[in-house]
There are 2 protein chains.
Amino acid sequence: MYSFTEENYLKAIYKLSENNRQSISTNAIADLLQTKAASVTDMIRKLAEKKLLKYEKYKGVELTEKGKRVAVDTVRKHRLWEVFLCDKLKFGWDEVHDIAEQLEHINSALLIDKLDAFLGYPSHDPHGDPIPTKNGDIKKSEFVLLNTVKALQPVIMSGVADHSVLFLQHLDKIGLRLGTSCLIEEMNAYDGSLKLKLNSKQSISISKDVAKNILVKPV
Amino acid sequence: MYSFTEENYLKAIYKLSENNRQSISTNAIADLLQTKAASVTDMIRKLAEKKLLKYEKYKGVELTEKGKRVAVDTVRKHRLWEVFLCDKLKFGWDEVHDIAEQLEHINSALLIDKLDAFLGYPSHDPHGDPIPTKNGDIKKSEFVLLNTVKALQPVIMSGVADHSVLFLQHLDKIGLRLGTSCLIEEMNAYDGSLKLKLNSKQSISISKDVAKNILVKPV
DNA sequence: ATTAATTTTTAGACATGCCTAAAAATACTA
DNA sequence: TAGTATTTTTAGGCATGTCTAAAAATTAAT
Ligand SMILES: [Mn+2]
Ligand SMILES: [Mn+2]
Ligand SMILES: [Mn+2]
Ligand SMILES: [Mn+2]
């Protein structure tokens with residue numbers, strides 16, 4: 001139906017729209033897709049012609065409902081495949097993104113339905129990101145950043161804000177994973193580092209840079 | 001590494017080489033890939049440049065070891081994905097080929113290793129075709145066509161020579177599937193149709209056209 | 001309000017992969 | 001063996017998606 005390239009552009013614009021609620025600039029898209037502004041302008045015009053986004057010269061773009069649906073469907077496929085790779089094939093959460101970038105473009109609605117069922121209709125991917133439903137509904141994350149939580153408030157680690165391989169491997173190293181229960185014992189006023197008490201009674205110290213990229217759910 | 005198109009050409013040439021042991025003609029490739037001879041000539045020259053096949057003008061092509069390896073790896077991926085779709089996602093054997101045509105181009109050696117392990121290192125795909133090993137070894141089918149088997153010789157249905165959706169659905173309809181034990185009770189000398197006695201004691205009649213597309217293993 | 005800096009678009013080109021039509025080579029046939 | 005039919009290659013072109021360099025529009029700064 002749509003080419004890999006078209007899906008990737010729509011997904012990128014969707015991702016950028018989640019933060020900025022204004023229209024998205026050519027350069028922002030070029031940055032995210034690691035391509036040139038001229039290429040983005042070319043593609044934008046094609047997508048506008050197909051009514052996948054609204055485009056006014058020099059004014060940036062905005063997805064139409066149609067374009068948003070294609071983007072959300074692609075996100076759904078990406079995240080379901082990530083669950084498959086982690087849960088079934090035993091990949092680490094730091095290894096799955098690049099493979100899912102390929103798998104998300106496989107075109108078969110029936111395949112995704114059956115994969116969804118096989119995985120037990122998961123609500124979140126291995127990084128804690130919500131999986132859109134078959135109908136294209138996606139609830140926005142109900143999680144909060146660990147560095148904004150009050151001391152002694154018990155929380156469950158539920159997602160990450162930084163999806164980089166380095167960050168995920170760092171969390172593996174210090175023993176933090178989704179589902180870990182913990183609370184902040186102490187916050188260092190000088191550098192913002194936190195002393196975390198894990199469910200296992202063990203305490204660890206994490207830097208502010210780590211804390212502000214961890215999403216938790218208060219319990 | 002190699003484009004979808006390149007992999008598809010190499011796979012097609014490999015498939016044609018299995019029957020004809022001579023070099024493969026431009027037209028044969030065009031027929032199989034549903035494209036034009038001129039397009040085949042174009043692609044052939046590129047593949048020859050990359051040392052994936054040996055090409056002499058007007059003399060047809062032959063895969064090099066390198067090209068054969070790419071083809072066999074693609075076949076391996078295709079068949080493993082077909083096993084996944086049937087065994088895990090509960091697709092019918094008539095539904096999996098087109099999806100596997102897409103999945104076979106996903107590029108990750110680790111993914112295929114892990115998929116292979118997840119599936120229990122299957123030796124054959126849902127149509128009875130052998131799955132090449134990680135090293136690129138593939139044993140040629142040890143099965144024989146049902147219409148060449150002597151009467152009363154017990155056999156197990158083990159593969160199909162016709163992979164079309166229509167044929168596979170016909171087998172579903174008459175209750176024949178891989179693993180079915182049977183023997184030929186009677187062969188009709190006039191039209192070559194067979195009376196098959198199934199393990200369930202039930203007897204069915206199948207036409208010669210069906211019989212000559214069923215692969216069996218004598219027991 | 002001009003000028004300067006930045007962003008965005010256009011112009012022109014290139015790579016991949018496909019096509020049709022025509023030319024060249026090979027294979028078949030009388 | 002000449003002549004015809006078939007196969008294969010070449011020539012030229014088109015669509016997609018990319019790029020660099022230059023022009024145009026917008027934004028920021030004096
Ligand atoms: Mn991802
Ligand atoms: Mn993810
Ligand atoms: Mn197949
Ligand atoms: Mn098969």
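Hydrogens, waters and symmetry mates are skipped; everything else that's a heavy atom, side chains included, is used. Note on naming: letters A, B, ... go to the chains in the order of the sequence lines (proteins, then strands), and numbering restarts at 1 for each one.
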Nucleotide nearest Tyr58(A) when distance is taken to its side chain, options dT9(C), dA21(C), dT8(D):
dT9(C)

Report the nucleotide, chosen from dC18(C), dT8(C), dG17(D), that has the shortest atom-to-atom distance to any side-chain atom of Thr5(A).
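Nearest listed nucleotide: dG17(D).
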
Between [X] and [Y]: side-chain donor-acceptor atoms closer than 3.5 Å:
X: His163(B); Y: Asp129(B); answer: yes
X: Ser164(A); Y: Asp162(A); answer: yes
X: His105(A); Y: Asn8(A); answer: yes

Residue closer to the 5' end of DNA chain C, Lys50(B) versus Ala38(B) (nearest nucleotide)
Lys50(B)

What is the distance from [atom1] of [X] to [atom2] of [N], rounded to the nearest Å?
X: Glu6(B); N: dG17(C); atom1: CD; atom2: C1'; answer: 11 Å
X: Asp42(B); N: dC14(D); atom1: CG; atom2: P; answer: 16 Å
X: Tyr2(A); N: dT16(D); atom1: OH; atom2: C1'; answer: 17 Å
X: Lys46(B); N: dT16(C); atom1: NZ; atom2: P; answer: 6 Å
X: Glu56(B); N: dT9(D); atom1: CD; atom2: C1'; answer: 15 Å
X: Lys59(A); N: dT9(C); atom1: NZ; atom2: C1'; answer: 14 Å
X: Asn8(B); N: dG17(C); atom1: CG; atom2: P; answer: 11 Å
X: Asp31(A); N: dT6(C); atom1: CG; atom2: P; answer: 15 Å

Relative to each other, are the rings of Phe118(A) and Phe84(A) parallel, tilted or perpendicular (30° and 60° limits)?
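It falls in the tilted class, 30° to 60°.
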
Under 4.0 Å from OP1 or OP2 of [N]: is there any side-chain N or O of [X] that close?
X: Thr35(A); N: dC19(D); result: yes
X: Ser39(A); N: dC19(D); result: yes
X: Asn27(B); N: dT6(D); result: no
X: Thr26(B); N: dT9(D); result: yes
X: Lys36(B); N: dT20(C); result: yes
X: Tyr55(A); N: dT8(C); result: no
X: Ser3(A); N: dG17(D); result: yes
X: Lys57(B); N: dT10(D); result: yes

Check every strand shown and say whether Thr41(B) touches a base, only sugar-phosphate, or nothing at a heavy-atom separation below 4.0 Å.
base

NA contact type, Tyr9(A), heavy-atom cut-off 4.0 Å: base, sugar-phosphate, or nothing?
sugar-phosphate

Which residue, Phe4(A) or Arg45(B), contacts DNA chain D at a nucleotide closer to its 5' end, judged by nearest heavy atom?
Arg45(B)

Would the number of heavy atoms belonging to other residues, nucleotides or ligands and lying under 6.0 Å from CZ of Phe4(B) be above 12?
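Yes, enclosed.
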
Determine, for Phe91(A) and Lys114(B), whether the Lys NZ or Arg CZ falls below 6.0 Å from the six-membered ring centre while staying within 45 degrees of the axis.
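Verdict for Phe91(A): a cation-pi partner in Lys114(B).
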
